[in-house]
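Scroll down for the structure; my scribbles are underneath it.
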Amino acid sequence: MRRDQHLSSVGGMLPDYSTAVLRRPRPRQYFAGTVRVPYIAPWTGENAPPATITTRLGRGGMGIGYADEYGIAERRRGALWIRVPVKPGAGAPLLDRVHALRQRQAMNFMLCQYCGRPTDDRRDGRRLFLLHAGTGRPITDGEKTTTPPVCEGCAVEARGRPSARRGCVAVLVEEATAWGVAGLGYAPATLRPVPGEHGERFTFVAYGDPRLRWTLACREVVALHGCTVVDLEDLRERTAA
Ligand SMILES: [Zn+2]
């Protein structure tokens, strides 16, 4: 198979990334003391200096790229993805941060952000998301998020965690569709990163948007449809019943 040959040939260059990005992971649960480490949390051992960004002529025109880029593993729907080492368990976990590749995997395969297992554990086929409620704004159809779903067991456990409850709203979702990426925009003239809107770290860019070619993707963004806000207390009762 040609694709497999390519993958093995690239193995020396991107050993963890190229395989991890394409396959559904078999997650292992790590602990920090007695605390379960979320699947999407990065570890200090996964730090690496940023790769050099250059310009590249691709489908649709000029954009950013890597000098030693390998297409299948590093691009998706035209977006160039940030390179991150994959060494879960190495060093100490950074509990409040997000590992770009595991976030992408969690979104692509609809895996629980806490345990990394599939979130298809509801009989009605809906998936549960714990979203940041922000300033109390309503959750509307087409809501865009970088926060992967949660399985019911982990949602119930999250109830007891003040950090998870604070400012979070639980939403049952009928369908989550690929929308675009959140990432760092680069100025075509200078190849310098451009600050996001309203001082945000990342800019949200939809698939098909010409700005995608100048964006280094750091998070997968999905749009949520058929949203129903629920109370986490109700979930616990239903699960216990
Ligand atoms: Zn879970």
Side-chain angles (χ1 to χ4, degrees), residues 16 19-43 45-46 84 86-133 139 143-179 182 218-241:
D16 297 319
T19 51
V21 79
L22 297 166
R23 289 186 196 149
R24 188 184 189 127
R26 273 184 230 145
R28 180 178 151 192
Q29 182 65 66
Y30 292 95
F31 288 85
T34 55
V35 178
R36 290 205 300 151
V37 177
Y39 174 67
I40 61 168
W43 294 73
E46 292 178 317
V84 281
V86 181
K87 296 177 192 165
L94 302 163
L95 297 175
D96 293 329
R97 302 223 208 136
V98 174
H99 186 272
L101 175 71
R102 287 194 288 280
Q103 186 271 352
R104 181 181 165 192
Q105 283 178 326
M107 284 302 204
N108 287 349
F109 296 109
M110 283 285 116
L111 307 177
C112 173
Q113 61 167 300
Y114 291 113
C115 68
R117 289 198 288 261
T119 53
D120 54 0
D121 51 351
R122 287 183 60 87
R123 267 190 227 150
D124 64 7
R126 291 189 292 179
R127 295 182 200 270
L128 182 66
F129 285 76
L130 297 181
L131 302 178
H132 297 292
I139 303 293
E143 173 87 16
K144 294 185 280 294
T145 186
T146 60
T147 305
V150 186
C151 74
E152 291 226 350
C154 288
V156 168
E157 198 179 308
R159 275 192 67 253
R161 216 176 299 148
S163 60
R165 283 185 70 85
R166 210 180 305 133
C168 261
V169 57
V171 184
L172 283 174
V173 171
E174 287 171 20
E175 196 183 5
T177 53
W179 180 85
C218 302
R219 305 280 184 273
E220 183 85 41
V221 179
V222 298
L224 307 179
H225 304 281
C227 301
T228 308
V229 175
V230 290
D231 195 324
L232 277 181
E233 296 284 348
D234 294 344
L235 276 181
R236 183 172 65 159
E237 283 160 21
R238 227 192 341 253
T239 306

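For this chain, numbers begin at 1 and follow the sequence in order. When a ligand or atom number is given, it counts from 1 through the structure's own listing order.
Contacts of Arg102 classified as salt bridge (Lys or Arg N to Asp or Glu O under 4.0 Å), with partners at least two apart in sequence or in another chain: Glu46. Applying the side-chain hydrogen bond (donor to acceptor under 3.5 Å, both in side chains) rule to Gln29 yields the partners Arg36; only residues at least two apart in sequence or on another chain are considered. Residues forming a side chain to side chain contact (heavy atoms under 4.5 Å, CB included) with Val221 (at least two apart in sequence, or on another chain): Lys144, Thr146, Trp179, Ala182, Phe204.
Excluding waters, the set of protein N/O/S atoms under 2.8 Å from the Zn ion (ligand 1) reads Cys112 SG, Cys115 SG, Cys151 SG, Cys154 SG.
Side-chain atoms of Thr147 do not come within 3.5 Å of backbone N or O of Leu131 as any donor-acceptor pair. Looking at Gln103, its side chain never comes within 3.5 Å of a backbone N or O of Ile40 through a donor-acceptor pair.
If you run side-chain contact (heavy atoms from CB on, under 4.5 Å) between His99 and each of Pro38, Pro88, Pro42, only Pro42 comes through.
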